[in-house]
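Have a look at the structure below before the remarks.
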Amino acid sequence: MRWTQTFIPTMKETPEGAEIPSHVLMLRAGLVSQLMAGAYTYLPLGLRALKKAERIVREEMDRAGAVELLMPALHPASLWERTGRREAFGNVLIQFSVRRQNREVHLVLGPTHEEVITDLVAHHINSYRQLPLTLYQIQTKFRNEERPRFGVLRTSEFLMKDAYSFDTSLEGLNRSYDKMYEAYCRIFSRCGLDFLPVEAESGPIGGDASHEFMVLADNGEDVVVYCPETGYAANVERAEIGPRKPQRPDVPLEPLKKVDTPGVTTIEQVSQLLKVPPSQLIKTLIYLADEQPVAVLIRGDHEANENKIRRALGASQLELADVDTIRRVTGAPVGFAGPIGLSIPIWADHDVAGVVNAVVGANQADQHYVGANLGRDFEVPDEHFADLRNAQAGDPAPGGNGTLQVRHAIEIGHVFKLGTKYSEALNARFLDAQEQQHPIIMGCYGIGINRILAALIETQHDERGIVWPLSLAPYEVLIDPLNVSQPEVMDAAERLHDQLTEAGIDVLLDDRDVRAGVKFKDADLIGIPLRIVIGGRSLKEGNVEVKWRWQDEPQRVPHETAAQTIVNMLDERRQQEAARVSASSAST
RNA sequence: CGGGGCGUAGCUCAGCUUGGCUAGAGCGCUGCGUUCGGGACGCAGAGGUCGUUGGUUCAAAUCCAAUCGCCCCGACCA
């Protein structure tokens, strides 16, 4: 391809509003262009990279035995009512009505396809002989994101690979799940990503196991907790904390005293007003667990984890109590709840036991207690102590003697054991050999294709631009003839272009009549792995210059055998990239 | 949904506080010339209903109100 025939609008300056490297570089390198908040056009260069990622995903899904199909993006709203998810998704679900003849048809744009695929399978699968089966598609999904951000990382329209497995037994589900897990490792390795599979929260509904595939990046929206010593890694929503033995500091107990704290409701405000560190405060959160109010005590510098709380209480639903409930059970407005004198059940995170002379709400407007002490001023039964908070850096790792670390990450894939939630709701059953009917056991597996690109760029760039791996690069080779008006230079460039194209290599020829500096800057910006410079100077010596994007200095290779040299270099590099794939598969 | 910021040329931005000639710069773009191995230089140009609507005023990019859009922080995220 010649540069002047395609469309690569590179930019020298950073467009307003682009904050993180992947967003800035995708815009500047002419990969994407924004149409509105959360919607981007893929320009030719960006589309080529996207297609390469898509192809890798497709190849590995096929290899793992999954079968491709394509479902509609347009769904009848009624289907979403049958699983209750029209309500559950709420405003994120894009819904609308159209008129047909004289009736109103309610439609949604699919944010995911559990309903559609389960409905499909319910119609066509009846027997255990037809199972197991894993189906997938690569398709645009729609979600009305409340807040699209970070360029292509969080958009309301995005390309997703979603796969669904159907099995007759839990063992079968586990086999299907492991195959997908394995395929994911191969996919992300082939894409050149440094990824980390982590345990993930599987939510109040659905299955019993879930992993997310994360790429560590400071600008990621997710938070992962991991332990270098034990290898434990989990999403912060899921991460357990190892055994804790909170020590009560050996200081004399102070008398309980009420103090005025007018209008001071947050931990930070209380901490500042009373000049005590947040770790000296105990916050009292009032929850409704299956409609019943409970109080949960968390040390002031910690964050409550609602999933842990819900599990500890054995509740199926948990939400923060509304203002009226808080007023009814504490007798005070929001912000002044405390454990002293509460008549509802009280639960506490383990670390609360280590706080002496604590500051707590007084269950009275504009009042807090200081010098509050467990056992003297309020009670929490032993069996009501549990791990109820988010892990923090420095916490003990579960089941080991390591220490947890915390990093931000970008979620690029998710594998999830669903169970029978959808097959039961939508009547997807199979008949076993004994003619017994059972709901089909499902798993679902998603990959954000756009996020593969964003995560790659976010982690693989330098101050000059993108550094593509060969596997995702829009073009593998960029030929830069430095002076297009010198016939011998242009001839050499075109001949090389044709030879490499003939050899099946993706080649871009920068035939623009611009100064060398412009070509070099753009070459670094768009990040094509192998750059071939053809200039009058080296050509006179019978050489062309070859340089990998990640190297500083070019090497000179003889002009007449350049094509073969380049083909060999690419082959060698592809083998190096492939070696990472087997390494990652071996380790799982 | 709560808090904040910004809308002026294709892009990045100045001008607005304190209203007043024909609305500016850099980059980009067009033409000509000189240059030509890391974003060259000169000359001549094209390009803007100052987001939109309404108000105040003799006069609005500038002040006021509403509205639309974009961005950031937080909440939310099957």
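Side chains included, hydrogens not; waters and symmetry mates left out as well; all remaining heavy atoms used.
Dashed line: the shortest gap from a side-chain N or O of A:Gln486 to OP1 or OP2 of B:C36 is not under 4.0 Å. Within the 4.0 Å cut-off from OP1 or OP2 of B:C36, not a single side-chain nitrogen or oxygen of A:Arg515 is found. A:Arg147 has a side-chain polar atom (N or O) that falls below the 4.0 Å cut-off from OP1 or OP2 of B:C73.
Nucleic acid contact for A:Val92: none, since no nucleic acid atom lies under 4.0 Å from a heavy atom of the residue. Within 4.0 Å (heavy atoms only), A:Ser538 reaches at least one base atom of the nucleic acid. Across all strands, A:Ala88 comes closer than 4.0 Å to no nucleic acid atom at all (heavy-atom distances). Residue contacts shown for A:Asp522 include a base, since a base heavy atom lies under 4.0 Å away. Heavy atoms of A:Arg512 sit nowhere under 4.0 angstrom from any nucleic acid atom. Heavy atoms of A:Glu145 sit nowhere under 4.0 angstrom from any nucleic acid atom.
Along RNA chain B, the nucleotide nearest to A:Asn483 and the one nearest to A:Glu306 differ in position, and the one closer to the 5' end is contacted by A:Asn483. Mapped onto RNA chain B by nearest heavy atom, A:Glu545 and A:Thr112 fall at different nucleotides, with A:Glu545 at the one closer to the 5' end.
Qualifying ring-ring contact (aromatic ring centres under 6.0 Å, His included) partners for A:His559, counting only residues two or more places apart in sequence or in other chains: none. Checked against ring-ring contact (aromatic ring centres under 6.0 Å, His included), A:Tyr226 has no partners two or more places apart in sequence or in another chain.
Each of A:Arg85, A:Arg86, A:His75 was scored for a side chain to side chain donor-acceptor pair (under 3.5 Å) with A:Glu115, with one residue passing: A:Arg85.
One finds the CZ atom of A:Phe142 at 5.5 Å from the CG atom of A:Leu109 (value rounded to the nearest 0.5 Å).
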